[in-house]
Amino acid sequence: MNRATRWTPFLEVTVGHAYFADGLAQGLSFEPSADTVEWLRAHDCVTRQTGSGFLVAAPGGAALDASVSLAWCVRSQDTGLHACTEGLATAPGELLVLRPGSAADDPLRLHAGPVAGPADHWPATWPSVTKHLRVSNRRHMPLMLLDLPVPERPVHYRAQLAARATVWRYWLLGDWSEDPLQVVDPTQQIRFTDPQPEQLVDGRWVLSSRSESGIELRQRSDERFQLRSRSAAAERVLVKRLPVAGADHFARETIHGVPALVSEIYVHR
C-alpha cells in the first residue's frame, strides 16, 4: 500500500466502567483471534488501541469481506480490575461474551442490559465461543470476548462495566467517647448499624459499624460519611469525613443468611 493511501475507520469499540473517574475502563488490551489477524492482514487494516477500546481502519474504498465475524479477547493489565468490577463471569467454564444484537433497545450496545452482566455469560465450550479462543486462552480465560460482525457502514459499539458494590464495615480503633456513636450519611441515602463491640484476631476489642446495603466502589468516591457522637445534650461530629473503601481489603461474611463481600475500613483515634 503506497503512502498516499487514505485510511477510513469502520469499526470502533469503547468500554466504559463506572469505577473510574473518567467513566472509561483503564488498562485493557485487545487481542484479536487468529482468524481476525488473518482477516485484518488480508484487508490491509490498521488498528489503534486506547486502553479502553480500539479502532480499526481500512484503505478508503476497499471492499470488506463480511462473511466472517471478528473477535478480540479482552484482558486487563491491572490486576485490580477484577476486584472492582461487577458482572464478570465467575462460574467455572463461563465467559462474558459481548456481541451486537444483545440489547433489544440499542443496536450499538454490546450487552443485554444497561451494563454487562449474567445475561451475557456464555459457556466457554460452545462452538461459537471456542472457535475464537486459542488454546492458551482456554487455559487462561480472558476478561471477556468481543464477537463482532464486519459492519456494512462505520459503527461505534459501546460496552459498559459496572462497579462492584460491597458492604462497608468501619472498625473504630482507639479510645472513643463514651457517648453513643453513629456512622451517618448526611444525604440519608445509606444507613449504618449502631457500632457494636467486636474482638479482632489479635484480641483487641473495637467498635464495628457496617452499611445496611451495598455501596458501589469508586476510584474517587464522593461519599462523605461522618462519625458522630450523641449525648442527651447534643450531637457532635467527631470525624467530618470518614475514609472510603478501596478496591482491596475485602472480607467475606454471611449477613442475614446471605454471603456478602465486605470492604473493611480502619479508623484510628
Side-chain angles (χ1 to χ4, degrees), residues 9-20 24-58 64-103 108-113 115-151 155-164:
F10 71 90
L11 175 62
E12 186 173 2
V13 174
T14 300
V15 181
H17 200 305
Y19 172 79
F20 294 101
L24 296 175
Q26 296 180 10
L28 298 182
S29 61
F30 300 83
E31 176 186 301
S33 67
D35 289 344
T36 299
V37 170
E38 292 182 6
W39 189 95
L40 294 172
R41 184 182 298 117
H43 291 80
D44 293 319
C45 293
V46 294
T47 62
R48 179 172 63 87
Q49 298 196 23
T50 64
S52 60
F54 65 91
L55 181 145
V56 184
L64 303 179
D65 176 13
S67 64
V68 300
S69 62
L70 307 178
W72 282 263
C73 286
V74 185
R75 298 190 181 279
S76 173
Q77 300 170 11
D78 179 0
T79 56
L81 189 70
H82 287 77
C84 67
T85 305
E86 190 70 44
L88 298 177
T90 57
E94 286 193 348
L95 180 63
L96 179 62
V97 179
L98 303 184
R99 51 175 40 134
S102 301
L108 297 180
R109 195 173 69 211
L110 295 175
H111 34 78
V115 296
D120 310 295
H121 296 177
W122 289 66
T125 55
W126 280 26
S128 60
V129 175
T130 56
K131 70 178 182 179
H132 296 309
L133 297 178
R134 300 173 180 175
V135 174
S136 59
N137 287 334
R138 297 173 196 174
R139 290 195 300 266
H140 306 286
M141 297 296 284
L143 193 72
M144 55 187 169
L145 175 71
L146 302 179
D147 185 4
L148 310 174
V150 177
V155 64
H156 184 175
Y157 291 118
R158 301 184 303 273
Q160 181 66 33
L161 298 178
R164 172 164 282 165

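Side chains included, hydrogens not; waters and symmetry mates left out as well; all remaining heavy atoms used.
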Can you find a heavy atom in the side chain of [X] that is under 4.5 Å from one in the side chain of [Y]?
| X | Y | answer |
| --- | --- | --- |
| Pro32 | Leu70 | no |
| Leu95 | Pro142 | yes |
| Leu88 | Leu143 | yes |
| Met144 | Val15 | yes |

Could you report the tightest heavy-atom contact between [X] and [Y], atom names first, then the distance?
| X | Y | answer |
| --- | --- | --- |
| Arg75 | Met141 | NH1-O, 3.5 Å |
| Asp147 | Ser128 | OD2-O, 4.3 Å |
| Gln77 | Leu28 | NE2-O, 4.4 Å |

Side chain to side chain donor-acceptor pair (under 3.5 Å) involving [X] - partner list, sequence neighbours excluded:
| X | result |
| --- | --- |
| Ser76 | none |
| His156 | Thr14 |
| Ser102 | none |
| His121 | none |

With sequence neighbours left out, which residue pairs that include part of residues 115-128 fulfil the salt bridge (charged side-chain N to carboxylate O under 4.0 Å, His left out) condition?
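Listed once each, the pairs would be none.
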For Pro149, which of Ser69, Pro100, Ser67 qualifies under side chain to side chain contact (heavy atoms under 4.5 Å, CB included)?
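Going through Ser69, Pro100, Ser67 one by one, the side chain to side chain contact (heavy atoms under 4.5 Å, CB included) with Pro149 is satisfied by Pro100 alone.
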Hey, which of Val56, Val155, Leu146 is the one that makes side chain to side chain contact (heavy atoms under 4.5 Å, CB included) with Val13?
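With Val13 as partner, side chain to side chain contact (heavy atoms under 4.5 Å, CB included) holds for just one option, Leu146.
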Once rounded to the nearest 0.5 Å, what's the spacing between atom CD of Gln160 and atom CG of Leu98?
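The CG atom of Leu98 is 11.5 Å from CD of Gln160, to the nearest 0.5 Å.
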Atom OG1 of Thr85 and atom CG of Leu96: how far apart are they, to the nearest 0.5 Å?
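Going from OG1 on Thr85 over to CG on Leu96, the span is 10.0 Å.
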With sequence neighbours left out, what residues match Glu94 under salt bridge (Lys or Arg N to Asp or Glu O under 4.0 Å)?
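Result, salt bridge (Lys or Arg N to Asp or Glu O under 4.0 Å) vs Glu94: none returned.
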Looking at Gln49 and Phe30, would you say the former's side chain and the latter's main chain have a donor-acceptor pair under 3.5 Å?
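Yes; at least one donor-acceptor contact below 3.5 Å.
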Judged by atom type as modelled, is there a donor-acceptor pair below 3.5 Å linking the side chain of His111 to the main-chain atoms of Ala159?
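Such a contact is absent between His111 side chain and Ala159 backbone.
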Under the side-chain contact (heavy atoms from CB on, under 4.5 Å) rule, what do Val68 and Asp35 come out as? Steps first, then yes or no, please.
CA-CA 9 Å; Val68 300; Asp35 289 344; over 6 Å; no
Considering residues at least two apart in sequence or located in another chain, which fulfil the side chain to side chain contact (heavy atoms under 4.5 Å, CB included) criterion with Thr50?
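Partners of Thr50 by the side chain to side chain contact (heavy atoms under 4.5 Å, CB included) criterion, ordered by chain and then number, come out as Arg48, Ser52.
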Ala71: side chain to side chain contact (heavy atoms under 4.5 Å, CB included) partners, not counting sequence neighbours:
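Side chain to side chain contact (heavy atoms under 4.5 Å, CB included) list for Ala71, sorted by chain: Ser33, Thr36, His132, Leu145.
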Using 30° and 60° as the class boundaries, would you call the ring planes of His17 and Tyr19 parallel, tilted or perpendicular?
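Ring orientation of His17 relative to Tyr19: perpendicular.
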ring-ring contact (aromatic ring centres under 6.0 Å, His included) partners of Tyr157, counting only residues at least two apart
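Partners of Tyr157 under the ring-ring contact (aromatic ring centres under 6.0 Å, His included) test: none.
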Phe10: ring-ring contact (aromatic ring centres under 6.0 Å, His included) partners, not counting sequence neighbours
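ring-ring contact (aromatic ring centres under 6.0 Å, His included) check on Phe10 returns nothing, list empty.
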